[in-house]
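Notes follow the structure.
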Number of protein chains: 2
Amino acid sequence: MDLKQINQQLSKKNLKITRPRQAILEALTHASGWVTAKSLFEELAKQQANIDFSTICRNLELLSSSGILCRVDRDSNGIFAYSVREIEEHHHHLICRSCGKISPMDFCPLQELNSSQTSGYSNLECRFEVYGCCQACQGKE
Amino acid sequence: MDLKQINQQLSKKNLKITRPRQAILEALTHASGWVTAKSLFEELAKQQANIDFSTICRNLELLSSSGILCRVDRDSNGIFAYSVREIEEHHHHLICRSCGKISPMDFCPLQELNSSQTSGYSNLECRFEVYGCCQACQGKE
DNA sequence: AATATAAATGCAAGTACTTGCATTTATATT
DNA sequence: AATATAAATGCAAGTACTTGCATTTATATT
Ligand SMILES: [Mn+2]
Ligand SMILES: [Mn+2]
Ligand SMILES: [Zn+2]
Ligand SMILES: [Zn+2]
């Protein structure tokens, strides 16, 4: 998704196109991989964009919950990595513990979960991430 | 699991039976439900056990990774809740977003995950939690 | 173009750990 | 019982957000 398309999405959702938000999205669309709040803050500081850290965090959160970004707990330490969402369909992520590579998986455990395990519950959602060691990283260590 | 059994487990793993650790485990075995680092710290402070917050956090982490405690991101905000593990088998948790009730599920998505989704990866592990609204909480809101 | 209003921002303070390091303590070995 | 050593602790400082609130700004309405 490019910046123009993202801005259209924002307008549809009554989210404003502000200077800080544009700088954040510009950085995200041009980033090579995944970014963290901290790495994005540092990148934008370098550009003298003068955006507060809390503004970055709030935007990353809002853009993720709006479906514009994907969010992954890459190092399973509660520090999230973000990237522009390229896949419209619901999906989860496979993460290499060694090199940090993140790949999408279309598998969602909720579909496979026998209803007997969750009987009586409504509004089910899940958090699901798979960690492993990718082919390129095997043998390296 | 009671304190005696836990201490046997600790000895097997070359983990020491210290006064702070005993106070933490005593509180955990007597707790009615799940505790957080903060709630445990406050409980122990009330008892004038004089245990540092970092000691509590380190113990909860160690005891979880040793399989003595279960650990759940109850409010999906990265703040973990802990309780003495009563189920030996590998399992995940179902959490009510409304009342916070936590129930075990024996379902593990890794077993259902088609290997084509993770081909080339080794040492697979997953993080999986299901959130919903339990029967008792439905209609209440 | 002026006005209204809901969204967004920046700042400061707060939260919940986390880490490094010197010191203490529990257990194994002599 | 004395000694060795690896594990654990407490303290202080650091990290990565998060929240409350006054102010600013983007967009819709007049
Ligand atoms: Mn994705
Ligand atoms: Mn459990
Ligand atoms: Zn890798
Ligand atoms: Zn409930």
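All figures in this text were calculated on a predicted structure; none of them were measured in a lab. Numbers restart at 1 for each chain; the letters A, B, ... are given by sequence-line order, proteins then strands.
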query: Of all of residues 51-72 of chain A, which get a heavy atom below 4.0 angstrom from DNA chain D, listed by number?
result: A:Phe53, A:Ser54, A:Cys57, A:Arg58
B:Ile87: hydrophobic cluster co-members (side-chain, 4.5 Å): none
Return all side-chain donor-acceptor pairs below 3.5 angstrom for residues 26-34 of chain B, not counting sequence neighbours, or 'none' if the list is empty.
from: B:Thr29; atom 1: OG1; to: B:Leu25; atom 2: O; distance (Å): 2.9
from: B:Thr29; atom 1: OG1; to: B:Glu26; atom 2: O; distance (Å): 3.0
from: B:His30; atom 1: ND1; to: B:Glu26; atom 2: O; distance (Å): 2.8

message: How many whole angstroms separate atom CD1 of A:Ile17 from atom C1' of C:dA6?
response: 16 Å
query: Under 4.0 Å between a Lys/Arg side-chain N and an Asp/Glu carboxylate O for A:Glu61 and A:Arg71?
result: yes
5' priority, DNA chain C, between B:Phe80 and B:Thr18 [closest heavy atom]: B:Phe80
query: Taking everything shown except B:Glu125 itself, do over 12 heavy atoms lie less than 6.0 Å from its CD?
result: no
- request: Send over the distance from B:Lys13 NZ to D:dA8 C1', rounded to a whole Å.
  value: 17 Å
field: Among D:dT25, C:dA16, D:dA8, the nucleotide that comes nearest once only the side chain of A:Lys16 is considered
entry: D:dT25
- line: Those residues at least two apart in sequence (or on a different chain) that pass side-chain contact (heavy atoms from CB on, under 4.5 Å) with A:Glu43 are A:Lys46, A:Gln47
Qualifying residues under side chain to side chain donor-acceptor pair (under 3.5 Å), relative to B:Asn114, sequence neighbours excluded: B:Ser116
query: So which nucleotide from C:dG10, D:dA7, D:dA16 ends up closest to the side chain of A:Pro20?
result: C:dG10
query: Should A:Ser11 be listed as having a side-chain N or O under 4.0 Å from OP1 or OP2 of D:dT27?
result: no
task: For residues B:Thr36 and B:Leu40, determine if any side-chain heavy atom of one lies less than 4.5 Å from a side-chain heavy atom of the other.
output: no
- request: Rounded to the nearest angstrom, tell me the gap between atom CG in A:Asp75 and atom P in C:dC17.
  value: 19 Å
query: With a 4.5 Å heavy-atom cut-off, do B:Arg97 and B:Ser76 have their side chains touching?
result: yes
- request: For A:Leu15 and for B:Asn50, find the nucleotide of DNA chain D with the closest heavy atom, then tell me which residue's nucleotide is more 5'.
  value: B:Asn50
- line: Stems for DNA chain C (at least 3 consecutive Watson-Crick or G-U pairs, under 3.5 Å) come to C:1-30 with D:1-30
- prompt: Could you give the CD1-to-C1' distance, from A:Ile79 to D:dT18, as a whole number of Å?
  reply: 14 Å
message: Among residues 35-48 of chain B, which ones have heavy-atom contacts with DNA chain C below 4.0 Å?
response: B:Ala37, B:Lys38
Under 3.5 Å, sequence neighbours excluded: what are the donor-acceptor pairs made by side chains of residues 6-15 of chain A?
from: A:Ser11; atom 1: OG; to: A:Asn7; atom 2: O; distance (Å): 3.2
from: A:Lys13; atom 1: NZ; to: A:Ser66; atom 2: O; distance (Å): 3.1

field: Spacing between A:Gln22 atom CD and D:dT25 atom P, to the nearest angstrom
entry: 16 Å
message: Running the 4.5 Å side-chain criterion over Ile, Leu, Val, Met, Phe, Trp and Tyr, what cluster does B:Phe128 land in, apart from itself?
response: A:Leu94, A:Met105, A:Phe107, A:Leu110, A:Leu113, A:Tyr121, A:Leu124, A:Phe128, A:Val130, B:Leu94, B:Met105, B:Phe107, B:Leu110, B:Leu113, B:Tyr121, B:Leu124, B:Val130
- request: Tell me, yes or no, whether the heavy-atom count around B:Gln135 atom CD, taken from other residues, nucleotides or ligands under 6.0 Å, exceeds 12.
  value: no
query: For the pair made of CG in A:Asn77 and P in C:dC17, what is the distance, rounded to whole Å?
result: 14 Å
query: Is there side-chain contact between A:Glu89 and A:Asp106, with at least one heavy-atom pair below 4.5 Å?
result: no
query: Does any pair with a residue in residues 40-69 of chain B pass ring pair (Phe, Tyr, Trp, His ring centres under 6.0 Å), and if so which ones, sequence neighbours excluded?
result: B:Phe41-B:Phe53
statement: Across all chains, not counting sequence neighbours, the side chain to side chain donor-acceptor pair (under 3.5 Å) partners of A:Arg58 are A:Ser54
From C:dA26, C:dA16, C:dA8, nucleotide with atom closest to A:Arg21 side chain: C:dA8
Which pairs, protein N/O on one side and nucleotides 28-30 of chain D N/O on the other, fall under 3.5 Å?
none

